[in-house]
Amino acid sequence: MRKPMIAGNWKMNKTWSEAVVLAQGISNRYKSQWDAVDVVLCPPTVDLKAVHSVLEFDRSPIHVGAQNVFWEPSGAFTGETSVAMLDEVGVTHCIVGHSERRTYFAETDEMVNKKVLALVAGGLVPIVCVGESLAVRDADTYLDFVTKQVHAALAGLDSEQVAKCVVAYEPIWAIGTGRTATPEQAQEVCQAIRSQVAADFGADAAEAVRVLYGGSMKPENVDGLIAEPDIDGGLIGGAALKAESFVQLIKACV
Ligand code: 13P
């Protein structure tokens, strides 16, 4: 049985003080039933240490994730953050290849793969984002498009490493638009992602890898999505910015 995951991608929201308030609000609502779910908070880089401190003080099992990382270990890479830097402030997970980074910061499949390899080598769990644009969906080539992204992102890992990874299917047309994929649409692609992992790394890795859905997931639509056999949780944007709605999503997975 795969453990469900609910990860909040705060994107470029919440200053240091706001991040502390939100993390504390989520931590205050913690119940032991949540231990059936891996909960991950992914604040902006400058807030990582503060969010970790809040959770550490509360002895909370909630994990902290980054939204991005650079693959080189150190050096003259102005503005970038290494795996070791994330690790030392208590970060255990990292979103990689979000469509916003692919679109606005020109991240390619090759760059995503380098980040995945660096994270895994450093002992962090990558949450690898894949997903098609509306044009690709309308052209009916989305399964091919998404499975190629998965194949490229995980290249060079072994099957035991892949088993610990997380893939998030985030159709671009559903992100921040209020237009959610139907459970059937999301399941179709999440199943294809798992089949691609099986083809590349074998049945055990495919059975273990967690596949999340992301894109306007909220308390009103979470139940139908996570009821699907290949959807193991969610990567949440807007609904992760308020403690109450985020907690409702966690409860739906318990
Ligand atoms: P929304 O939940 O705001 O649509 O964002 C989804 C997302 O991009 C999470 O990474």
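The first residue in the sequence is number 1, and the count goes up from there. Counting convention: from 1, in listed order, for ligands and their atoms alike.
The Gly238 neighbourhood of ligand 1 comprises atoms 1 (P), 2 (O), 3 (O), with distances under 4.0 Å to a heavy atom of that residue. Residue Gly215 has at least one heavy-atom neighbour below 4.0 Å for each of these atoms of ligand 1: 4 (O), 6 (C). Below 4.0 Å from some heavy atom of His98 lie the following atoms of ligand 1, by number and element: 7 (C), 8 (O), 9 (C), 10 (O). Close approach to Ser216 involves these atoms of ligand 1, each under 4.0 Å from a residue heavy atom: 1 (P), 2 (O), 4 (O). Atoms of ligand 1 lying under 4.0 Å from at least one heavy atom of Ala174, given by number and element, are 4 (O). Near Glu170, the atoms of ligand 1 lying under 4.0 angstrom from a non-hydrogen atom of the residue are 6 (C), 7 (C), 8 (O), 9 (C), 10 (O).
Residues Ser159 and Asp204 form no side-chain contact, since every pair of their non-hydrogen atoms from C-beta on lies 4.5 Å or further apart. Counting heavy atoms from C-beta on, the side chains of Val125 and His63 never come closer than 4.5 Å. At a threshold of 4.5 Å between non-hydrogen side-chain atoms, the residues Val37 and Ile6 count as touching. Side-chain contact check for Lys115 versus Glu107: some heavy-atom pair is nearer than 4.5 Å.
Neither the backbone nor the side chain of Lys218 has any atom closer than 4.0 Å to an atom of ligand 1 (non-hydrogen atoms only). Heavy atoms of Asn9 found under 4.0 angstrom from ligand 1 belong exclusively to the side chain.
Ranking the protein heavy atoms by distance from atom 2 (O) of ligand 1 puts Gly237 N, 2.9 Å first. Closest protein heavy atom to atom 5 (O) of ligand 1: Lys11 NZ, 3.3 Å.
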| query | Run the salt bridge (Lys or Arg N to Asp or Glu O under 4.0 Å) check on Glu72 and Lys114 step by step: do they pass? | reply | CA-CA 9 Å; Glu72 292 291 344; Lys114 285 184 178 176; over 6 Å; no

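Look at Cys129 and you'll find every heavy atom at least 4.0 Å from all atoms of ligand 1. Assignment of Ala239 to the shell around ligand 1 is not supported, since no heavy atom sits closer than 4.0 Å.
A salt bridge links Arg2 to Glu207: at least one charged side-chain nitrogen sits closer than 4.0 Å to a carboxylate oxygen.
Other residues, nucleotides and ligands contribute more than 12 heavy atoms inside 6.0 Å of the CD atom of Glu18.
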